[in-house]
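Accompanying notes for the structure given below.
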Amino acid sequence: MKIGILTFHEGINHGAYFQAYALYSFFKARGYEVEIINYKNKIHWLHELKAFLWTKNPKNLYKNISKILKFKKAHQRFKLTKFTTNVKNIKALRYDVIVVGSDTVWNYEWSFLGSDPIYFGEGLTSKKIISFAPSCGFVNLNNKIPDFVREGLKNFDYITVRDEHTSNLVKKAIGFSPEIVLDPTFIFDVKGEEVGIEEEKPYILVYAYTLKEKEMKSALNFAKENELLLISIGYHNSWCDKNIVDIGPFEWLSYFKNAEYVLTSTFHGSIFSIKYEKNFVISDNKNIRDKLHTILRGIGLSDRVV
């Protein structure tokens, strides 16, 4: 059986990388012929290029380019189709099954992504189309659901989702209540694939793109009281003792493995804190609230959100 995975594998984001890597590896380990459909629409592609390369600070530009190159190297672990921004090129591909997901591929209200109908099955040609653990992110279900979403969901032979909010979207759109399944990073274990980076002193790991001032002060006080370093990875946080923006995916794992504590504002920062059994807190924000609610409530860790 030949499987094609359509997801946000190519974003320079550690969580996006590992959800794709885990799902790809899960299928491959079971003997399937599997590849990542190397597609991104032009709007999404241009927005990401601008986000990483549109800066007047040479130091930041260097770090961002370094980060991109490290992700490109990590992408060599996938079998990828030829990169395209044209849906017509995907129609020429032949699969027994196309799997859409996971990640926030169904967030049609986020202009950064370009509201792409392909993630709802439009233009896909295969014997079967299924979804595994996609999320609609912070989509407001009180708003009208676009026709391409309603009609596209009818193209799927089977639908599963990652969270209750996305399940409610599907139910509202087509009257079907899909099964809620685990994020792929929970069904394929990457422990043991860390690149051995170790800090000399114990540290609090900060993996966060947005934090409130009160949270920063609390982290600084806690670190001082417990003689811990504050190390920020993936994103620059000037108040931390050390910033490592240009970090590759498997080095990223190592910092989770060796952390004393984790402070995060991201979905997969929370997931990998759980996987590595770390004491962690999550800074609440709208980008992750609906995505995280289901998993945290299910395992009794809702109090980790501050």
Side-chain angles (χ1 to χ4, degrees), residues 1-13 15-28 30 32-45 47-48 71 74-75 77-108 110 112-137 139 146 148-163 166 169-170 173-174 178 181-185 187-188 267-268 291:
M1 181 182 290
K2 188 175 182 181
I3 299 173
I5 299 173
L6 181 64
T7 188
F8 292 160
H9 68 286
E10 214 259 340
I12 312 303
N13 174 284
Y17 176 85
F18 277 112
Q19 61 82 21
Y21 179 73
L23 189 57
Y24 174 87
S25 301
F26 179 85
F27 286 132
K28 189 176 179 182
R30 282 153 182 78
Y32 294 110
E33 183 183 356
V34 56
E35 60 187 17
I36 302 285
I37 300 172
N38 199 7
Y39 163 83
K40 187 181 292 181
N41 72 63
K42 289 181 181 179
I43 295 174
H44 189 184
W45 181 59
H47 280 165
E48 281 198 341
F71 271 82
H75 288 149
R77 296 188 181 220
F78 299 134
K79 182 181 179 183
L80 296 166
T81 63
K82 187 177 179 181
F83 178 73
T84 184
T85 59
N86 192 331
V87 176
K88 292 180 180 179
N89 293 329
I90 297 178
K91 291 181 180 180
L93 302 172
R94 291 292 176 261
Y95 298 103
D96 296 297
V97 179
I98 289 179
V99 181
V100 177
S102 76
D103 220 334
T104 53
V105 294
W106 285 355
N107 191 341
Y108 52 83
W110 191 10
F112 187 91
L113 304 178
S115 300
D116 197 340
I118 194 172
Y119 296 102
F120 293 92
E122 185 175 309
L124 297 181
T125 55
S126 68
K127 294 177 182 178
K128 288 187 180 293
I129 302 172
I130 68 173
S131 72
F132 185 82
S135 173
C136 66
V139 160
F148 76 83
V149 174
R150 292 181 183 274
E151 294 305 313
L153 288 172
K154 295 176 184 177
N155 294 325
F156 283 80
D157 295 280
Y158 195 74
I159 297 174
T160 66
V161 296
R162 196 171 69 183
D163 54 74
T166 308
L169 164 67
V170 177
I174 61 173
V181 296
L182 290 171
D183 183 84
T185 55
I187 66 172
F188 184 84
F267 177 81
H268 281 102
K291 294 189 289 185

For [X] versus [Y], what's the shortest heavy-atom pair and its separation?
X      : Y      : value
Val34  : Tyr24  : O-CE1, 3.5 Å
Pro184 : Ala22  : O-CB, 3.3 Å
Ile174 : Arg150 : CG2-O, 3.5 Å
Arg162 : Ser102 : NH1-OG, 3.8 Å
Val100 : Pro134 : O-CD, 4.2 Å

Legend entry - Tyr95: side-chain hydrogen bond (donor to acceptor under 3.5 Å, both in side chains) partners, not counting sequence neighbours: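 Only Glu35 meet the side-chain hydrogen bond (donor to acceptor under 3.5 Å, both in side chains) criterion with Tyr95.
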Inset, instruction - With sequence neighbours left out, write down each residue that passes side-chain hydrogen bond (donor to acceptor under 3.5 Å, both in side chains) with Tyr39, or none if nothing qualifies. - result: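 Checked Tyr39 against side-chain hydrogen bond (donor to acceptor under 3.5 Å, both in side chains); matches are Asp116.
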Look up atom [atom1] in [X] and atom [atom2] in [Y], then write down how far apart they are to the nearest 0.5 Å.
X      : Y      : atom1 : atom2 : answer
Ile129 : Leu153 : CD1   : CG    : 11.0 Å
Trp45  : Thr84  : CH2   : OG1   : 10.5 Å
Phe267 : Thr104 : CZ    : OG1   : 10.0 Å
Phe148 : Tyr108 : CZ    : OH    : 8.0 Å
Phe8   : Gln19  : CZ    : CD    : 9.0 Å
His268 : Phe18  : NE2   : CZ    : 10.0 Å

Inset, instruction - Please test Leu169 against Val161 for side chain to side chain contact (heavy atoms under 4.5 Å, CB included), starting from the C-alpha separation and ending with a verdict. - result: CA-CA 10 Å; Leu169 164 67; Val161 296; over 6 Å; no
Legend entry - More than 12 heavy atoms from other groups under 6.0 Å of CZ on Phe112: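 For Phe112, atom CZ is crowded (more than 12 foreign heavy atoms under 6.0 Å).
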Inset, instruction - Return the set of residues passing salt bridge (charged side-chain N to carboxylate O under 4.0 Å, His left out) with Asp163 (not counting sequence neighbours), or none when no residue passes. - result: none
Legend entry - Which residues share a salt bridge (charged side-chain N to carboxylate O under 4.0 Å, His left out) with Glu48, sequence neighbours left out: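 Salt bridge (charged side-chain N to carboxylate O under 4.0 Å, His left out) check on Glu48 returns Lys40.
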Inset, instruction - Can you tell me which residue pairs pass the salt bridge (charged side-chain N to carboxylate O under 4.0 Å, His left out) test with a partner in residues 124-133, sequence neighbours excluded? - result: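 Only Asp96-Lys127 qualify under salt bridge (charged side-chain N to carboxylate O under 4.0 Å, His left out).
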Legend entry - Criterion side chain to side chain contact (heavy atoms under 4.5 Å, CB included) on Leu113 and Ile43, from CA distance to verdict: CA-CA 7 Å; Leu113 304 178; Ile43 295 174; over 6 Å; no
Is the closest side-chain heavy-atom distance between [X] and [Y] below 4.5 Å?
X      : Y      : result
Thr125 : Arg94  : yes
Ile187 : Val181 : no
Ile90  : Ile118 : yes
Val87  : Glu122 : no
Ile5   : Phe27  : yes

Inset, instruction - Would you please name every residue forming a side chain to side chain contact (heavy atoms under 4.5 Å, CB included) with Glu33, sequence neighbours left out? - result: Lys2, Lys79
Report yes or no: does [X] contribute a side-chain atom to a donor-acceptor pair with the main-chain N or O of [Y] at less than 3.5 Å?
X      : Y      : value
Ser131 : Thr160 : yes
Thr7   : His9   : no
Thr81  : Ile37  : no
Asp157 : Ile130 : no

Legend entry - Centroid-centroid distance, Tyr17 to Phe78, less than 6.0 Å: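 Yes, the ring of Tyr17 comes within the 6.0 Å limit of the ring of Phe78, centre to centre.
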Inset, instruction - Measure from the ring center of Trp106 to the ring center of Tyr119 and say whether it is less than 6.0 Å. - result: no
